[in-house]
Amino acid sequence: MRPLRPALGGTRPDGADLAAMTVADRPWSAWTWSRRTGEGLSAVVELAVLVGLQASGKSTFYEQCLKDHHTLVSKDLFPRSARHKQARQMRLVEEALAAGRSVAVDNTNPSPEEWRPLVAAARARGATVTAYWFRPDLMESLRRNAARTDRARVPEVGVHATLRRLRRPARADGFDAVYEVRFDGRGGFEVRPEGG
C-alpha cells in the first residue's frame with residue numbers, strides 16, 4: 001500500500017515527511033496537514049464520516065487523530081431514550097458547519113442511507129467530505145466489544161446486523177476523499193488513500 005503523502009502533499013510546515021509517519025506520529029490528521037499554510041490552519045472546513053463496525057477503532061481514531069480539530073457528533077453520546085436521534089445528529093452537524101467548525105461523525109455509518117444527508121449538509125456549507133473506512137474484522141470487533149463495560153458494550157446481534165448492512169464508501173458516493181484506517185500494531189493507526 002502507498003503511504004499517505006502522494007494524495008495529500010509532501011511535508012508539514014516544520015519539514016517532517018508525512019510519508020514516513022503513521023497517524024500515531026502526527027499531532028493531528030494528515031488531511032489537516034494538507035490544509036496547513038505557513039500561517040496556520042486554512043479556512044477549509046471538513047466533515048469526517050467514520051464508517052465501520054462497532055468496536056472497530058473509530059472512537060479511538062477520533063481521540064488520537066481528529067479530536068484537536070473536529071467537533072465530535074455521535075449518537076452514542078445521546079441518552080438511550082433520546083428520540084429522533086438522526087434529526088438531532090443532523091442539527092448538530094449543521095450547526096457546527098455553519099459556525100465554520102470541522103466535524104467528525106462517529107457512528108457505524110454503514111451505508112449510503114446514512115451518508116447521503118451528511119454529504120448534502122457538508123455540500124450546502126461548502127465543506128469537504130472525507131470518509132474514514134475501518135475494514136471489517138468481525139472476530140476482532142467482537143473481542144473488543146466483549147471487553148467493553150456497561151453502555152459501551154453492544155449486543156453481538158447488533159454487530160452482526162451492522163456487518164450485513166456495511167458497505168465500503170467510495171468517492172462516487174459524494175466524498176472528496178476516502179481513507180482506509182487500520183491499527184498499526186503500536187497503539188496508533190495507518191491511514192491510506194482509497195485504492196492505496
Side-chain angles (χ1 to χ4, degrees), residues 23-24 26-32 45-80 82 84-99 101-122 125 127-138 140-142 144-145 147-155 158-159 161-163 165-169 173-184 187-192 194:
V23 172
R26 299 179 192 130
W28 53 72
S29 76
W31 185 258
T32 303
V45 174
E46 177 190 44
L47 174 63
V49 180
L50 309 186
V51 180
L53 291 176
Q54 299 90 334
S56 63
K58 297 181 307 296
S59 297
T60 303
F61 177 77
Y62 170 80
E63 287 294 323
Q64 289 185 14
C65 305
L66 300 176
K67 181 179 182 176
D68 291 341
H69 300 281
H70 290 72
T71 298
L72 175 64
V73 174
S74 174
K75 293 176 187 176
D76 292 343
L77 301 176
F78 302 162
R80 282 196 189 251
H84 311 292
K85 289 182 181 182
Q86 180 64 23
R88 183 176 184 179
Q89 172 182 278
M90 290 308 301
R91 181 177 46 79
L92 293 171
V93 166
E94 290 167 358
E95 287 173 359
L97 293 174
R101 295 190 315 266
S102 291
V103 182
V105 179
D106 178 9
N107 297 314
T108 57
N109 298 309
S111 71
E113 180 179 293
E114 288 80 17
W115 312 333
R116 280 188 205 106
L118 295 167
V119 170
R125 295 289 178 183
T128 61
V129 191
T130 304
Y132 290 93
W133 164 245
F134 295 74
R135 182 184 296 272
D137 182 335
L138 179 62
E140 277 301 302
S141 287
L142 290 173
R144 284 190 295 271
N145 184 56
R148 291 175 163 182
T149 59
D150 302 323
R151 183 175 189 235
R153 185 178 298 137
V154 177
V159 179
T162 300
L163 180 61
R165 295 187 58 227
L166 190 62
R167 199 189 113 213
R168 182 185 180 115
D173 295 308
F175 295 106
D176 294 299
V178 177
Y179 295 102
E180 182 174 330
V181 181
R182 294 183 182 180
F183 289 106
D184 68 5
F189 296 91
E190 293 176 350
V191 178
R192 295 195 165 97
E194 177 181 44

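Note that this is a predicted model, so its numbers are computed, not measured.
Contact record, A55 with R144: O-NE, 2.7 Å, taken as the closest heavy-atom pair. When all heavy atoms of Q64 and G188 are compared, the pair lying nearest together is OE1-CA, 3.5 Å. Listed here is the closest heavy atom pair of N145 and A152: OD1-O, 4.0 Å. Minimum heavy-atom separation, F189 to G57: CZ-O, 3.7 Å. Across every non-hydrogen atom of G174 and V119, the tightest pair is O-CG1, 3.8 Å. The two atoms that bring D176 and A127 nearest to each other are OD2-O, 4.3 Å, heavy atoms only.
You'll find the side chain of W115 stays beyond 4.5 Å of the side chain of V129, heavy atoms only. M90 places a side-chain heavy atom less than 4.5 Å from the side chain of L118. Taking the side chain as every heavy atom from C-beta outward, L142 and L53 never approach each other to under 4.5 Å. T108 places none of its side-chain heavy atoms less than 4.5 Å from the side chain of L166.
Applying the salt bridge (charged side-chain N to carboxylate O under 4.0 Å, His left out) definition to pairs two or more places apart or across chains, those involving residues 103-113 are E113-R165.
From E190, atom CD reaches atom CZ of R182 across 7.5 Å, with rounding to the nearest 0.5 Å. Atom CZ of F61 sits about 11.0 Å away from atom CZ of F183, to the nearest 0.5 Å. If you take CG on L50 and OG1 on T130, they are separated by 10.5 Å, rounding to the nearest 0.5 Å. The distance from atom CG of L163 to atom OG of S141, rounded to the nearest 0.5 Å, is 9.0 Å.
Looking at Y132, its side chain never comes within 3.5 Å of a backbone N or O of Y62 through a donor-acceptor pair. In this structure, R153 contributes its side chain and R148 its backbone to a donor-acceptor pair below 3.5 Å. In this structure a side-chain-to-backbone donor-acceptor pair under 3.5 Å is missing from N109 to E114. In terms of modelled atom types and a separation under 3.5 Å, the side chain of E194 and the main chain of W133 share no donor-acceptor contact.
When each of Q54, Q89, Q86, K58 is tested with N107 by the rule side-chain hydrogen bond (donor to acceptor under 3.5 Å, both in side chains), just one qualifies, namely Q89. Residue D173 is tested with R167, R116, R168 for a side-chain hydrogen bond (donor to acceptor under 3.5 Å, both in side chains); the sole match is R167. The side chain to side chain contact (heavy atoms under 4.5 Å, CB included) with L72 is formed by just one residue from the set L77, V105, L92; it is L77.
Crowding of K75 atom NZ: a count of heavy atoms from other residues, nucleotides or ligands under 6.0 Å exceeding 12.
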